[in-house]
Amino acid sequence: MSQPIYLDYAATTPVEPAVAERMAGYLTADGTFANPASRSHLYGWFAEEAVEQARGQVAELIGADPREIVWTSGATEADNLALKGVARALRHHGRHIVTCTTEHKAVVDPCQWLEDEGFEITWLEPNPDGSLPPERVRSVLREDTLLVSLMHANNETGVIHDIDALGRVCREAGVLFHVDAAQSLGKLPIDVSALPVDLMSLSAHKIYGPKGVGALYVRRSPQVRLEPQIHGGGHERGLRSGTLAPHQVVGMGEALALAGERMDEDYRHVEKLRDQLREKLSVLDDIHVHGESAPRLPGHLNVAFAGVDGEMLLTALNRVAVSSGSACTSATVEPSYVLRAMGVSDALAHSSVRFSVGRLTTLTDIEAAGDHICEVVQRLRAVPA
Ligand SMILES: *Cc1c(COP(=O)(O)O)cnc(C)c1O
């Protein structure tokens, strides 16, 4: 049997071959293998030069100054550094933090941890379409609010938050604004020189770069105070110690430069295919596309197939590689908390599937996937419950 069609680009993407090729030049003895922190020899200087060039590429894509980019191991670490770093640095000024129930676990879990540490978290609820009106944020801000943390685009539904409007509410109140942009980076234009955003989490592997590298954008003016979470050597201006991995950061820089060049082309390609898949599924009755009426990323399609058992659906959809609306925790299968927060019932959340298309998806893939999905859903619905 042939391999399933990969429709899980929101989980991760393959590394672009040109990016992998460049990365390979930073590993072996005939390449630039040195420690970029080695200041005493030519080897180190070359590695440092490569790291700084990549930092410039990341900064360039989001309109930042290279000095505002802190390398991390990914968006999870960047989220942790932003949330815990601000909370720790400003704990004498207040203890209140605002976020939303549809955030990624990389924000939800650190917020819960901070709650245990004595911080007070306000968990905002989105509208049923996943959107979040700025007034809802404004209404919960207080004298002692330190930080608002909201994602740019949701990983499960693709729903896009208006970070400009949300950020302005924070600015007016003198509250810091952190944005998790792991899903939108390289897919939507982002310009922090014009946006009221103080901190932004970035990741390489959702945009055809390597897994295991990301960055945190930290505004310099007005400067954001941040307490480091990893100590040992004072790398990254003291904010994140640890020897940098030149092959990883070079890979991220290269992937982002490429994403910048191809942004319009990528957008049109995935939007067209996503809409074609949506069209193919419209022969089915009783389907619901989560967040369909809100602005969404072009490659996401999160669909509920009413009346179909979630587990049976996932098992039967063996010709496509997709993500389900359920998450396997230690013992049980839990419905997606993101869909639940949007008011979707447990049953409908369990019957939901996230399809996400990408650069390598073809029209042939979409046609075969669409036929397969329709056939499976119709077959499962024909079985008497
Ligand atoms: C993937 C993702 C993360 C985690 O990023 P890593 O680089 O894998 O740690 C965080 N937030 C969102 C919205 C994501 O999609």
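In each ligand, atom 1 is the first atom listed, and ligand 1 is the first ligand listed.
Residue, atom and distance of the protein heavy atom nearest to atom 11 (N) of ligand 1 are Asp180 OD2, 2.6 Å. Nearest protein neighbour of atom 4 (C) of ligand 1, counting heavy atoms only, is Thr76 OG1, 3.4 Å.
Ligand 1 places these atoms under 4.0 Å from at least one heavy atom of Lys206: 1 (C), 2 (C), 3 (C), 14 (C), 15 (O). Below 4.0 Å from some heavy atom of Ser203 lie the following atoms of ligand 1, by number and element: 6 (P), 7 (O). Atoms of ligand 1 found under 4.0 Å from any heavy atom of His205 (numbered from 1 in listed order, with element): 6 (P), 7 (O), 8 (O). If you number the atoms of ligand 1 from 1 as listed, the ones under 4.0 Å from a heavy atom of Ala75 come out as 3 (C), 4 (C), 5 (O), 6 (P), 7 (O), 9 (O), 10 (C). Close contacts between ligand 1 and Met151 involve ligand atoms 13 (C) [criterion: under 4.0 Å to a heavy atom].
The shortest side-chain heavy-atom distance between Met200 and His178 does not fall under the 4.5 Å cut-off. With contacts defined as side-chain heavy-atom distances shorter than 4.5 Å, the pair Val179/Leu150 does not qualify.
Phe33 pairs with exactly one of Phe46, Tyr26, Tyr43 by the ring-ring contact (aromatic ring centres under 6.0 Å, His included) rule, that one being Tyr43.
Contact annotation for Glu77 and ligand 1: no heavy atom of the residue comes within less than 4.0 Å of the ligand.
For the residue pair Arg296 and Asn154, no side-chain donor N or O sits within less than 3.5 Å of a side-chain acceptor on the partner. At a cut-off of 3.5 Å, with distance as the only test, no side-chain donor of Thr13 or Lys206 sits close to an acceptor on the other residue.
The pair Glu117-Lys84 does not count as a salt bridge, with every side-chain nitrogen at least 4.0 angstrom from each carboxylate oxygen.
Distances between N or O atoms of Ala153 and those of ligand 1 include no value under 3.5 Å. Of the polar atoms of Asn155, none of the N or O atoms is found under 3.5 Å from an N or O of ligand 1, judged by distance alone.
Relative to the ring axis of Phe355, Arg274 does not place its NZ or CZ within 45° and under 6.0 Å from the centre.
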